[in-house]
Undergrad: 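One structure, as structure tokens, below. Some questions next.
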Amino acid sequence: MADTIADERFSKFFGFTDEEVRILLENTGNLEYFDRIKKWYDGYCFGKTEIYCPWDVLCYLNKLAFESGSEPENFWENTSHNDIIRTFLSCEGMDVTDSFERLLAGDTIEVNITENLTYENLTDSEENLWSVLYLTGYLTKDIKNPVSGKTKAFLKIPNAEIMDIFRKSVVRWFDEKIAVRDRSKLFEALWNADTGRLSDLISELLFETISYHDYAESFYHAFLAGLFANAGYIVESNYESGLGRPDLVIKDKKKRRAVIMEMKIADSLENMKKAGERALNQIEEMRYADSIYAQGYQKVLKYGAVFYRKSCLIGRCEE
């Protein structure tokens, strides 16, 4: 008879329990790091027992022994095969972006679980792929939510370490997706100052991607930089220019032209235009274009990019 991670018989032996971690930290003089370790390496559910990953706890304690005060790190990042997440995202006919955004926001999702899987049918259905993420530890049951049926479960990302893996996997998936996409219309709109078309194209791409920072400025910053990277342009983020730091600069060295983009986040669709005006005023007041012209570029386009969730509005400073 084989037990699975859903069984309770030996659940507490698959990792460290809360009490065991506390005793371990007391014995090593590291009790002050308990909350930090819990945030990063706890959260796995075996049966009805919540446990820590023992490998992570021991690796972090070993690090603390030689570097007191060290921050937790992702010890599984370079030792396990994380392609299953990108495989899931890339599967044709499966739109899981909404579910991934909920997970990345720290919420739970309700899915069907199949515990008896073979390699041949891992990608046969969305249900199988959620089951693989659960059985391999990328997702775990939320024991605070009641199970709605025998084969159903509420799943969540267990801890900060796995959250880090999810976010990096999403970034790589989107970068790979964009790299093979025809972006010629996007570049054409950018250099021709077609702000209406540029707004529409970026909004369409936003709709396809996955927010991994709850629509924070860092998400949009990485999103925009990714759109123009690896396309023959020089892409610079927050570098010293003029009297301050523009959010994004895109340079076409061969044609001696450049783009400045200043980003703002609006709190509603109605306020996007006002936020755009602030972005454009900032570009002019801070004289971001001065140093770019000084480098020999003959044309500098200045854009304000405003975001509200998955909508984008591009405005432009007049010459």
Undergrad: Looking at E101 and K310, does any basic side-chain N land under 4.0 Å from a carboxylate oxygen?
TA: yes
Undergrad: Mind checking the CG-OG1 spacing from D142 to T108? Nearest 0.5 Å is all I need.
TA: 5.5 Å
Undergrad: Give a yes-or-no answer on whether the side chains of Y52 and D18 include a donor-acceptor pair shorter than 3.5 Å.
TA: yes
Undergrad: side-chain contact (heavy atoms from CB on, under 4.5 Å), that's the test. Do I265 and Y308 meet it? Break it down for me.
TA: CA-CA 6 Å; I265 298 175; Y308 174 70; over 6 Å; no
Undergrad: Any chance the rings of Y233 and W191 have centres within less than 6.0 Å?
TA: yes
Undergrad: Once rounded to the nearest 0.5 Å, what's the spacing between atom OG of S311 and atom CD1 of I202?
TA: 12.0 Å
Undergrad: Step by step, would you call S203 with D200 a side chain to side chain donor-acceptor pair (under 3.5 Å)?
TA: CA-CA 5 Å; S203 294; D200 291 341; 5.7 Å; no
Undergrad: Between D247 and M263, which heavy-atom pair has the shortest distance, and what is it?
TA: OD2-N, 2.7 Å
Undergrad: Do Y303 and E262 come within less than 4.5 Å of each other through their side chains, counting heavy atoms only?
TA: no
Undergrad: List the steps and the verdict of side-chain contact (heavy atoms from CB on, under 4.5 Å) for L280 and K302.
TA: CA-CA 8 Å; L280 296 176; K302 295 169 281 190; 5.7 Å; no
Undergrad: Tell me whether the count of non-hydrogen atoms from other residues, nucleotides or ligands lying under 6.0 Å of CD in E32 goes above 12.
TA: yes
Undergrad: Would a single hydrophobic cluster contain both I162 and L129, if residues Ile, Leu, Val, Met, Phe, Trp and Tyr are joined by side-chain heavy-atom contacts under 4.5 Å?
TA: yes
Undergrad: Tell me the closest heavy-atom pair linking S131 and E127, and the distance in Å.
TA: OG-O, 2.8 Å
Undergrad: Between E208 and R181 (salt bridge meaning N to carboxylate O under 4.0 Å), is one present in this structure?
TA: yes
Undergrad: Evaluate whether atom CZ of F207 has more than 12 neighbouring non-hydrogen atoms of other residues, nucleotides or ligands under 6.0 angstrom away.
TA: no
Undergrad: For K255 and Q298, what are the C-alpha separation, side-chain angles and deciding distance, and is it a side chain to side chain donor-acceptor pair (under 3.5 Å)?
TA: CA-CA 9 Å; K255 295 186 178 181; Q298 296 178 335; over 6 Å; no
Undergrad: Taking the six-membered ring for Trp and the full ring for Phe, Tyr or His, determine whether the centres of F100 and F88 are under 6.0 Å apart.
TA: yes
Undergrad: Which word best sums up how the rings of Y33 and Y60 line up, parallel for under 30°, tilted for 30 to 60°, or perpendicular for over 60°?
TA: perpendicular
Undergrad: Would you find more than 12 non-hydrogen atoms of other residues, nucleotides or ligands less than 6.0 Å from D107 atom CG?
TA: yes
Undergrad: Roughly how far apart are K141 NZ and I113 CD1, rounded to 0.5 Å?
TA: 7.0 Å
Undergrad: Spell out, as yes or no, whether a donor-acceptor pair under 3.5 Å connects the side chain of R316 to the backbone of G304.
TA: no
Undergrad: If you group Ile, Leu, Val, Met, Phe, Trp and Tyr by side-chain heavy-atom gaps below 4.5 Å, do M272 and F307 land in one group?
TA: no
Undergrad: Are I250 and I234 packed together at the side-chain level, in the sense that at least one heavy-atom pair is separated by less than 4.5 angstrom?
TA: no
Undergrad: I would like to know whether F174 and F223 meet ring-ring contact (aromatic ring centres under 6.0 Å, His included); could you show each step before the answer?
TA: CA-CA 9 Å; F174 185 71; F223 170 80; 5.5 Å; yes
Undergrad: With the side chain counted from C-beta on, respond yes when L64 and S68 share a heavy-atom pair under 4.5 Å apart, and no when they do not.
TA: no
Undergrad: Starting from the C-alpha separation in whole Å, work towards a yes-or-no answer on side-chain contact (heavy atoms from CB on, under 4.5 Å) for S268 and N271.
TA: CA-CA 5 Å; S268 67; N271 289 332; 3.2 Å; yes
Undergrad: G43 and T140: which non-hydrogen atoms are nearest, and at how many Å?
TA: O-CG2, 3.1 Å
Undergrad: Indicate the atoms forming the closest heavy-atom contact of Y44 with G137, along with that distance.
TA: CE2-O, 3.3 Å
Undergrad: Is there a side-chain contact between K63 and E73, using heavy atoms and a 4.5 Å cut-off?
TA: yes
Undergrad: Got a second to check how far Y297's OH is from I292's CD1, nearest 0.5 Å?
TA: 8.5 Å
Undergrad: Is a salt bridge present between R86 and E176, judged by a nitrogen-to-oxygen distance below 4.0 Å?
TA: yes
Undergrad: Are any of the side-chain heavy atoms of F75 and N62 separated by less than 4.5 Å?
TA: no
Undergrad: Does R22 qualify as a cation-pi partner of F34, given the criterion of NZ or CZ under 6.0 Å from the six-membered ring centre and within 45 degrees of its axis?
TA: yes
Undergrad: So if you build clusters from Ile, Leu, Val, Met, Phe, Trp, Tyr with side-chain heavy-atom gaps below 4.5 Å, do I37 and W40 land together?
TA: yes
Undergrad: Quick one: do K168 and D164 make a salt bridge, cutoff under 4.0 Å?
TA: yes
Undergrad: If you measure from CG on D252 to CZ on F187, what distance do you get to the nearest 0.5 Å?
TA: 10.5 Å
Undergrad: Please check: side-chain N/O of T28 versus main-chain N/O of L24, any donor-acceptor pairing under 3.5 Å?
TA: yes
Undergrad: Do you reckon V21 sits in the same ILVMFWY cluster as I51, going by side-chain contacts under 4.5 Å, direct or chained?
TA: yes
Undergrad: Tell me whether R197 is salt-bridged to E188, with the criterion being a basic N under 4.0 Å from an acidic carboxylate O.
TA: no
Undergrad: Which heavy atom of E284 sits nearest a heavy atom of C317, and at what distance?
TA: OE2-CB, 3.7 Å
Undergrad: Fit a plane to each ring of W55 and W76, take the angle between them on a 0 to 90° scale, and name the class: parallel (under 30°), tilted (30 to 60°) or perpendicular (over 60°).
TA: tilted
Undergrad: Please evaluate residues R167 and L104 with respect to the criterion side-chain contact (heavy atoms from CB on, under 4.5 Å), reporting the C-alpha separation (whole Å), side-chain torsions for both, the decisive distance (0.1 Å), and the verdict.
TA: CA-CA 7 Å; R167 286 175 174 168; L104 289 165; 3.7 Å; yes
Undergrad: Measuring only between side-chain heavy atoms, which start at C-beta, is K251 closer than 4.5 Å to Q295?
TA: yes
Undergrad: State whether the side chain of S291 and the backbone N or O of A294 hold a donor-acceptor pair below 3.5 Å, judged by distance alone.
TA: no
Undergrad: Pair R172, D175 - check salt bridge (Lys or Arg N to Asp or Glu O under 4.0 Å), show working.
TA: CA-CA 5 Å; R172 287 195 295 270; D175 288 346; over 6 Å; no
Undergrad: What distance separates L227 CG from R183 CZ, expressed to the nearest 0.5 Å?
TA: 7.5 Å
Undergrad: Mark yes or no for whether N159, through its side chain, and K39, through its backbone, hold a donor-acceptor pair below 3.5 Å.
TA: no
Undergrad: Quick one: do L186 and V306 end up in the same hydrophobic cluster if we chain Ile, Leu, Val, Met, Phe, Trp and Tyr together by side-chain heavy atoms under 4.5 Å apart?
TA: no
Undergrad: Taking the side chain as everything from C-beta on, heavy atoms only, tell me whether L198 gets closer than 4.5 Å to L190.
TA: yes
Undergrad: What are the two closest non-hydrogen atoms of A305 and L224, and how far apart are they?
TA: CB-CD1, 4.3 Å
Undergrad: With a 4.5 Å heavy-atom cut-off, do E161 and P72 have their side chains touching?
TA: no
Undergrad: When you measure from the side chain of T209 to the backbone of L206, do you find a donor-acceptor pair of N or O atoms at a distance under 3.5 Å?
TA: no
